[in-house]
Amino acid sequence: MPDLVADTPSERGATKVDAASLSVLAYTPMHLLAPFPGGSEAMAAALTEAYGVRLPAPGESLSADGAELRWAGRDQALLLGPDAPAPALHTHGAVTDVSDVYLRLMLTGPSEAADILARLVPIDLRPLRFASGATAKTLLGHISAQVTARADGVEIMVMRSFWQSAFHEIETAMTRVAGRAALPPD
Amino acid sequence: MRIDCPVCGPRDLREFTPKGAACYATRPEGEEWSEAWHEHLHLRENPAGRSEELWYHGAGCSAWLIVERDTRTHEIFSVRRADGGAA
Amino acid sequence: MRVAGYGRVDRARKLRFRFDGRSYAGFAGDTLASALLANDVRLVARSFKYHRPRGVMTAGSEEPNALVEIGRGAAKLPNVRATVQELYDGLYAESQNRWPSLAVDMLAVNALAAPFLGAGFYYKTFMWPPSFWEKVYEPAIRRAAGLGRFSREADPARQEKAFVSCDVLVIGAGPAGLMAAQVAAAAGADVLLVDEGTAPGGRLLAEDEAVGGKAGHRWAASLAEGLAALPNVRILTRTAVTGAYDGGTYGALERVAEHVAERGDAPGVCFWRIDARVAVLATGALERPIAFPGNDRPGVMMASAIRSYLHRWGVVGGRRVALYTANDAARRTARDLAASGVEVAAVIDPRAEAPPLVGVDAPLLAGGRIVATSGRLGLTGLTVKTGSQTHRIAADVLALSGGWNPSVHLACHMGGRPVWDEALGAFRAPEPGAPGAVPGLLPAGAAAGIWDTSGCLASGRAAGAAALERIGRAATEMDLPEAESEPGSQTVVFQTPGRGRAWLDFQNDVTVKDVQLSAREGFASVEHMKRYTTQGMAPDQGKNSNVGALAVLADVTGRTIPETGTTTFRPPYVPLPLGAIGAGAEGKGFAPERFTTSHAASRARGTPMIEAGLWYRPSFFPAPGETTWREACDREVTMVRGAVGVADVSTLGKIEFHGPDTGALLDLVYTSRMSTLKPGRVRYGIMLREDGHVMDDGTTARLADDHWVMTTTTAAAGQVMAHLDMVQQCHAPRLRTRFTSTTDGWAQFSIAGPKAATLLDALLDGGHDAAAVPFMACGAVQVAGVAARLFRISFSGEHAYEIAVPARYGASLWRLLVAYAEGLGGGPYGMEALNVLRIEKGFPTHAELHGRTTAYDLGLQRMLSPKKDFIGKAGASRVGLLDPGRERLVGLRPVAAQGRLLAGAHLFAPGARPVRTEDQGYITSACYSPTLGHDIALGFAVAGPDRLGERLKMVDHLRKCTTEVEICDPVFLDPDGERARA
Amino acid sequence: MRYSALRILTEGLTGNRGWKPAWRKAEPKPHYDVVIIGGGGHGLATAYYLAKHHGVTRVAVLEKGYLGSGNIGRNTTIVRANYGLPGNSEFYSHSLKLWEGLEQELNYNVMHSQRGIINLFHSDGQRDAYARRGNAIRNQGDDAILLDTEGVRRILPYLDFEQTRFPIYGGLYQPRGGTARHDAVAWGFARGADRLGVDIIENCEVTGITVEAGRVTGVATSRGPIGAGRVGMAVAGRSSQVAALAGLKVPIESHVLQAFVTEGLKPVIDHVVTYGMGHFYISQSDKGGLVFGGDLDFYPSYAARGNLPMAEHVIEAGVTLMPMIAKARLLRSWGGIMDMSPDGSPIIDRTPVDGLYFNGGWCYGGFKAVPGSGDCFAHLLATDAPHAAAARLRFDRFETGRGLMDEEATGSQHNLH
């Protein structure tokens with residue numbers, strides 16, 4: 001019986017233009033937590049019990065014991081890290097394995113990342129407006145994306161089938177930004 | 001145009017999709033065709049002024065929103081979640 | 001010519017350039033226009049209609065005349081304003097819209113026929129004989145049409161788009177804008193200062209005047225430098241705000257690298273989408289020309305532009321300059337020229353009581369009007385009347401100033417009308433808050449009708465404070481620098497009388513007579529006049545001429561200017577390259593690409609990929625020796641029917657539900673009852689739009705008691721997701737169920753054919769007996785140690801399965817599947833074969849669920865549950881949607897085996913004429929069935945299912961094909977489904 | 001005064017002083033046989049054909065602003081008859097026949113240019129749908145040719161056949177399709193109607209519709225009451241407001257549709273071309289400007305202006321399809337207010353009020369419809385019976401579901417057509 005080999009785009013995609021670099025992050029288990037109507041408080045309690053963290057408010061990501069809780073749309077959040085979320089969570093809402101649904105790209109250099117992504121993302125990602133830990137669901141060009149500010153840059157999460165397009169778009173933006181920087185001064 | 005999504009905050013028009021009059025959010029009673037259904041699907045007040053509309057924040061949080069807006073000036077007066085939820 | 005000691009070009013850096021084949025030199029800091037004038041090139045263009053010789057008239061983006069082509073080959077850019085194009089070494093420019101050359105232009109004969117080519121003449125002729133319009137007249141007109149040439153090749157330049165947000169947007173970095181920015185910045189607001197020019201300063205760059213005790217341009221530079229150093233200020237130069245849109249959104253065009261020879265990876269231009277909480281309109285004002293006979297010769301320039309050329313570039317466009325104005329402030333032009341040593345020929349002031357000239361040694365012709373000009377390819381002289389006296393003045397430059405128009409365009413982009421200010425002799429922006437005024441856009445400085453520098457500085461400071469107030473910040477005290485404060489007196493002059501043509505719109509060759517004729521013919525409303533004469537519709541959009549034309553129209557119709565009205569201001573303020581607004585869309589960039597996990601493997605086999613929405617899917621898998629797609633398709637179909645085929649079906653939408661009320665939500669969405677589905681089973685369903693027509697179909701599997709997965713078609717996945725969101729949030733917000741799209745998370749493959757179970761048994765872990773899985777069942781399995789989902793469903797009519805693994809294993813599993821299938825005499829199959837397989841089985845796709853069909857039309861009315869409500873139930877119950885005479889789904893086969901069937905053909909009774917009134921239906925899907933050995937088709941025929949066995953005539957006019965067909969059941973193969981259930 | 005080359009010559013030689021107003025500035029009379037609300041293309045054409053075909057000349061056209069101030073002067077000027085569904089097929093076919101010869105009919109050069117329209121398609125499925133439509137056009141007796149990729153390349157060599165995101169599989173070509181000079185259509189019909197005795201009254205806003213015992217008797221206007229035997233509404237874009245004056249609620253939503261024009265360039269695009277993978281249609285005017293448009297902005301609006309996301313989308317489609325236009329510069333963009341009906345097709349019908357008739361719901365199709373709409377509406381107003389070419393343009397198709405004309409197949413959602 002042959003083995004199935006996991007595809008690892010994280011080994012393929014990595015590019016660097018000037019001070020910024022773009023890479024694909026490695027596989028991380030991810031589950032979408034969506035409380036049923038009226039179930040938010042109970043799910044939050046279960047979360048606190050299991051991971052010592054509450055349900056994040058819109059635009060917020062929280063980290064705790066080996067897990068990250070990231071707001072992910074209307075009344076839902078992503079749990080990143082654990083292979084199998086605490087069983088108690090299932091009673092209060094939908095827990096869906098989305099580990100393979102999304103791929104995450106990382107663009108490093110906090111101010112460079114904001115400058116590059118300003119070519120693609122219609123929200124203000126400058127660190128002063130979008131500080132480390134902030135997250136937003138928005139667009140990357142024509143691709144739905146979730147962007148999350150990190151201390152060292154911005155993480156961009158897209159649906160897996162879009163990742164090459166997203167990578168290419170960001171790479172192009174990086175090239176243009178670098179091209180501007182290389183113009184002769186007035 | 002910018003719409004102040006009650007979940008995400010103010011966002012550019014490009015993240016949203018308008019469906020039409022807010023009546024889409026409320027299905028009429030009855031499983032048989034009726035004047036009420038005709039009105040629901042087809043007839044419109046179509047005001048030149050303040051109107052209530054149903055929008056979808058599809059490229060954001062996926063909330064359906066009731067947007068109160070002026071159709072002459074595009075001024076937006078209020079935005080609330082169609083499911084009645086708070087932010 | 002250059003004027004020694006003047007201008008801020010870098011005389012140490014000489015730049016070579018070409019214009020119309022001749023080589024010239026300019027300096028770093030020049031524009032193409034200043035360099036041409038420095039080289040005494042006065043004739044730079046021809047006008048649009050009469051091909052009149054034209055020269056540089058302004059020093060900005062409003063330039064009406066000096067439009068040229070820049071670059072060559074595919075990179076050639078037409079209609080570039082020489083006044084904006086900065087010079088770089090090797091710049092290549094050509095004049096446009098002339099033949100054979102600028103100096104000798106054959107179409108200048110049009111000018112001779114001018115009496116017959118007045119406003120709207122073309123509406124009155126070119127009508128006989130009727131067929132001549134397309135054959136004779138229009139081709140001739142089109143040969144003469146247009147300005148610059150347009151290479152048919154793609155633009156090799158790459159452009160860019162970007163977003164930027166700020167608290168306070170300051171549009172224009174002249175004295176008012178700089179002050180506004182400084183006030184806003186000092187209060188800590190996030191400020192974005194943009195200016196169209198190459199450096200902040202606005203008019204200060206072009207005047208000889210002091211601000212704060214320094215030269216104006218130095219004051220501006222040092223202030224801007226201080227601002228740029230602040231963390232909360234960003235400055236964009238070479239950036240014109242082009243439009244005001246709703247909600248504080250502005251568009252702007254930045255010329256990033258059009259001024260350099262070697263751009264590298266930098267974009268030529270960038271289109272900015274600006275989001276601002278409040279904005280200051282400090283766009284300055286544009287000087288107005290005066291209409292008088294012969295006012296369009298090369299050498300006639302705006303008085304302020306002459307000062308710009310002198311002070312910024314050290315250039316004067318001639319040797320002897322005359323000035324024509326009734327405006328004291330414009331006399332600076334004569335003063336500055338005289339100071340620089342340029343000869344001032346005369347100052348002609350239409351005011352009888354014109355004040356005496358100070359500091360200029362030149363004749364003043366008070367009460368004078370210019371009645372004629374001379375000079376074939378450039379101005380040589382003027383004829384001036386004062387009372388009964390006639391003066392002839394030799395001059396090669398004429399400076400004009402008819403007053404100023406505040407640049408209120410942006411303030412009017414939302415339909416607001418500018419307000420005529422009689423005292424100012426100009427239109428003001430609508431008051432903030434007036435109907436149609438752009439919310440949160442505050443005019444300041446010359447844009448607000450303030451002409452003196454001191455007033456502009458104060459106005460800018462006030463606007464900055466007002467902007468702060470709107471965003472809830474307090475302004476700090478700030479002193480104003482000393483500056484000039486005497487605006488001088490002016491008399492508004494739009495036209496001065498005289499015989500001969502007096503130009504208003506220099507670009508479209510609209511003259512005073514045209515406006516008069518327009519009024520005479522009843523086109524007296526300003527919109528009619530504009531449309532009838534084309535006044536203001538050229539590339540400058542009337543920036544130089546609309547107000548003058550309006551004044552002429554008011555004059556001829558005996559109305560005041562406010563009674564006459566204004567035309568509407570529309571974005572963009574400066575012409576915007578489509579490549580900038582559409583940046584990134586060239587080639588594949590128009591829409592993102594979605595790739596399946598098997599994509600690379602398919603490509604490696606030489607498979608042609610076809611677009612399916614944003615996805616790519618394999619069309620067919622060519623085998624050695626095959627030369628047509630049909631051969632491959634037939635082989636793949638036969639392979640599935642006879643052995644086993646594998647196909648990637650991951651593109652179908654997958655939506656996962658959890659929660660106890662999932663069944664209730666699905667019951668509302670689907671026409672049939674889903675809630676009764678047992679765990680481990682799969683059911684086919686259709687969903688309707690609320691108007692009763694079919695939206696989509698697919699299967700739903702109940703993986704566990706409260707865990708479901710729905711599949712949608714590839715095309716409708718996004719639409720269904722939005723629909724589900726709406727149904728849940730608007731119609732069933734209390735149901736305890738949540739769902740999310742997992743389409744991308746699972747690689748899913750179809751395994752179809754009599755040997756499908758054999759393949760699976762070999763593949764799956766744990767001695768699996770796939771054949772024991774009942775038809776329409778589902779469950780968890782393991783493949784090579786990976787948890788997978790198995791569905792026994794069939795879209796081919798064969799014994800078939802779909803297996804899904806987490807997407808990261810997709811590529812690996814696909815390789816395995818193909819290898820196993822090939823080992824069993826099978827292999828991969830593509831979309832072509834998939835389509836044939838489903839047509840043979842009569843399964844509809846979006847060819848049949850095309851948006852106008854109902855469940856009834858598709859023969860699926862039994863799936864409309866009478867026992868529960870569902871979306872679209874009432875809509876579907878309309879009498880017209882249940883009429884037996886509707887076009888309903890049928891199968892069609894040719895009466896003669898070799899008969900061809902074509903999708904898109906229509907159906908008629910055998911003896912009927914193939915015309916609309918005889919139409920009996922149409923074909924939606926057709927193919928050759930290798931299984932049956934003839935063409936088969938699905939289509940819709942009037943009362944179709946009631947007419948099985950009846951013969952019709954298929955007619956395809958387009959492909960010239962007529963085939964006799966027989967109506968049959970849409971299921972061509974295995975009507976009882978024995979193969980799939982086996 | 002009759003227009004001719006000779007007239008231009010004689011006027012040119014005598015200082016162009018003899019030209020007369022194209023139409024009279026009429027003062028409202030107390031009563032007309034027919035009052036038409038709306039001095040746009042449809043209203044003016046209706047008045048013209050009422051007088052010309054039915055001898056009804058006591059007609060007033062009431063226009064709120066200046067004549068032709070609505071969509072007749074704000075469109076992308078496309079004229080075609082390439083619809084696929086009964087109702088639209090015969091109607092637009094009829095209209096196109098009236099376009100052919102309109103210059104001679106009106107003695108006014110509306111510059112109807114039959115340069116051909118090509119609708120591109122980008123997949124097998126789209127080709128099949130266009131084949132169906134093309135065959136429907138031929139069934140109607142109009143012209144349609146199905147082109148493959150090479151056929152398109154021969155006619156439109158400047159498209160991107162190699163790199164574009166959605167390859168060009170072919171096109172449906174209607175050689176008789178084309179463009180016309182939009183304003184001239186309004187002016188030509190106005191002048192024609194005026195010469196037949198119709199009163200054209202500008203700056204006259206209708207503020208009320210007088211109904212007595214279920215029958216219309218006249219209208220109230222900003223210039224006083226005007227009695228009328230029959231009243232026709234031809235106010236697409238404002239249909240809901242005007243119908244409401246008679247207490248009617250109509251199946252219309254108003255939406256803004258942007259249009260764009262670039263600076264003049266030497267002509268390169270000699271046809272009307274439409275893209276199939278995103279709404280984009282383009283032609284190049286006889287002045288050299290590229291005239292193009294795309295989708296609605298999708299939100300209800302009465303502001304004749306749009307927003308950036310749609311402008312960007314439209315231009316992006318243009319850039320991927322014909323990359324050369326990246327070098328053209330946008331000069332002006334504007335918006336028209338579309339009367340969007342639930343199936344994207346028009347309505348010419350009676351109303352529940354006797355003597356009050358409705359013409360609207362033109363969606364994207366209003367400009368090309370002008371002569372046909374005028375002729376059919378005139379027929380309805382004059383005879384109280386529908387013209388054969390407009391017999392399916394009924395209000396009740398929505399209620400019954402019978403005879404829906406949903407060309408886009410997007411269903412009962414006004415903004416999706």
Side-chain angles (χ1 to χ4, degrees), chain B residues 1-5 10-28 30 32-60 64-79, chain D residues 235-245 248-256 295-313 316 335 337-344 347 360-361 395-402 404 406 410-417:
Chain B
M1 193 183 297
R2 293 177 71 78
I3 295 176
D4 192 357
C5 172
R11 292 294 183 86
D12 190 271
L13 174 64
R14 70 193 68 227
E15 292 187 2
F16 300 86
T17 310
K19 168 97 177 167
C23 69
Y24 280 121
T26 316
R27 300 180 77 224
E32 286 291 319
W33 187 249
S34 63
E35 185 56 34
W37 273 104
H38 175 46
E39 178 124 5
H40 175 82
L41 277 174
H42 303 131
L43 302 184
R44 291 291 175 266
E45 291 290 346
N46 194 23
R50 222 172 240 257
S51 89
E52 275 210 330
E53 296 154 8
L54 186 60
W55 290 67
Y56 181 46
H57 195 188
W64 282 84
L65 305 169
I66 306 289
V67 176
E68 206 187 351
R69 207 176 57 92
D70 192 309
T71 58
R72 295 163 306 180
T73 63
H74 300 169
E75 183 181 358
I76 294 172
F77 306 106
S78 72
V79 186
Chain D
V235 289
R238 281 283 176 175
S239 288
S240 298
Q241 280 71 47
V242 175
L245 298 175
L248 305 175
K249 190 170 171 183
V250 289
I252 300 291
E253 213 170 72
S254 296
H255 284 268
V256 62
D295 252 323
L296 297 176
D297 267 29
F298 294 128
Y299 46 81
S301 173
Y302 288 89
R305 60 187 175 80
N307 274 293
L308 281 175
M310 184 50 66
E312 291 176 39
H313 175 73
E316 285 169 3
I337 306 307
M338 306 292 107
D339 239 30
M340 298 305 297
S341 72
D343 65 355
I347 298 159
F395 269 120
D396 68 3
R397 63 183 191 261
F398 306 110
E399 259 178 288
T400 64
R402 189 171 277 136
L404 290 170
D406 184 359
T410 42
S412 296
Q413 189 176 321
H414 301 74
N415 64 353
L416 288 186
H417 298 287

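Chain letters run A, B, ... following the sequence lines, proteins first, then strands; residues in each count from 1. Model, not experiment: these values are computed from the prediction.
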Peer 1: Would you mind checking which part of B:Phe16 comes under 4.5 Å of any heavy atom in chain D, side chain (CB onward), backbone (N, CA, C, O), both or neither?
Peer 2: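 Neither part.
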
Peer 1: Hey, what do you get for CD1 (B:Ile66) to CG (B:Leu54), rounding to the nearest 0.5 Å?
Peer 2: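 Answer for the CD1-CG pair, B:Ile66 versus B:Leu54, is 5.0 Å.
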
Peer 1: With B:Arg27, which residues qualify under side chain to side chain contact (heavy atoms under 4.5 Å, CB included), at least two apart?
Peer 2: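 B:Arg27 satisfies side chain to side chain contact (heavy atoms under 4.5 Å, CB included) with B:Trp37, C:Leu668, C:Glu690, C:His731, C:Asp869, C:Ile871 once adjacent residues are dropped.
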
Peer 1: What part of D:Arg238 lies closer than 4.5 angstrom to a heavy atom of chain B: side chain, backbone, both or neither?
Peer 2: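 For D:Arg238, side-chain heavy atoms alone lie under 4.5 Å from chain B.
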
Peer 1: Between chain D and each of B:Thr17, B:Thr71, B:Leu43, B:Asn46, count heavy-atom pairs under 4.5 Å; write down the option with the most.
Peer 2: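 Heavy-atom pair counts peak at B:Asn46.
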
Peer 1: Do B:Lys19 and B:Glu53 come close enough that some side-chain heavy atom pair is under 4.5 Å?
Peer 2: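 No, every pair of side-chain atoms sits at 4.5 Å or beyond.
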
Peer 1: Using non-hydrogen atoms and a 4.5 Å limit, figure out which bit of B:Asp12 sits close to chain D: side chain, backbone, both or neither.
Peer 2: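 Side chain only.
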
Peer 1: Restricting to side chain to side chain contact (heavy atoms under 4.5 Å, CB included), what partner residues turn up for B:Glu68, sequence neighbours left out?
Peer 2: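 Testing B:Glu68 for side chain to side chain contact (heavy atoms under 4.5 Å, CB included), a comparison that skips the adjacent residues, returns B:Arg50, B:Glu52, B:Phe77, B:Ser78.
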
Peer 1: Below 4.5 Å, heavy-atom pairs only: which of B:Gly20, B:Ala21, B:Ala48 has the largest tally toward chain D?
Peer 2: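 Winner by heavy-atom pair count: B:Ala48.
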
Peer 1: With rounding to the nearest 0.5 angstrom, report the NE2 to OG distance, B:His40 to D:Ser412.
Peer 2: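 Going from the NE2 atom of B:His40 to the OG atom of D:Ser412 covers 10.0 Å.
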
Peer 1: For each of D:His255, D:Glu312, D:Met310, tally heavy-atom pairs with chain B at distances under 4.5 Å, and name the one with the top tally.
Peer 2: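 Max contact count across the listed options: D:Glu312.
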
Peer 1: B:Glu35 versus chain D, heavy atoms under 4.5 Å apart: side chain, backbone, both or neither?
Peer 2: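 Answer is side chain: those atoms of B:Glu35 sit under 4.5 Å from chain D.
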
Peer 1: Which bit of D:Gln241 comes within less than 4.5 Å of chain B, counting heavy atoms only: side chain, backbone, both or neither?
Peer 2: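 Only the side chain of D:Gln241 comes within 4.5 Å of chain B.
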
Peer 1: Kindly indicate whether a cation-pi arrangement holds for B:Arg14 with D:Phe298, taking the cut-offs as under 6.0 Å to the six-membered ring centre and within 45° of the axis.
Peer 2: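 Pair B:Arg14/D:Phe298 does not count as cation-pi.
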
